[in-house]
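For the numbers below, each heavy atom of this structure counts, side chains included, while hydrogens, waters and symmetry mates do not.
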Amino acid sequence: MADQSFSQSDRAREKQAARDLDERDLVAGRIDVASLQERNGFIPRNLARRARVRQWNEID
């Protein structure tokens with residue numbers, strides 16, 4: 001496995017750039033609020049709709 005290092009400052013810049021892009025797209029009308037929420041969602045809506053629980057395990 002390749003050696004990887006994590007930079008909090010690099011990640012913060014990446015996140016801010018993504019927020020800036022979201023704002024520009026929203027203001028310019030290239031995306032609406034619902035589509036922006038879907039784009040930034042943790043689980044994409046199309047996957048969530050097809051998802052099924054395959055095995056229930058008891059959590060202690």
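To the nearest 0.5 angstrom, L21 atom CG is 11.0 Å from L26 atom CG. Note that the CG atom of L36 and the CD atom of E23 stand 9.0 Å from one another [nearest 0.5 Å].
Within 6.0 Å of the CD atom in Q16, the count of heavy atoms belonging to other residues, nucleotides or ligands exceeds 12. The local environment of CZ in F42 is sparse, with at most 12 non-hydrogen atoms from other residues, nucleotides or ligands closer than 6.0 Å.
Electrostatic pairing of D22 and R19 does not count as a salt bridge here, judged by no charged N lying under 4.0 Å from a carboxylate O.
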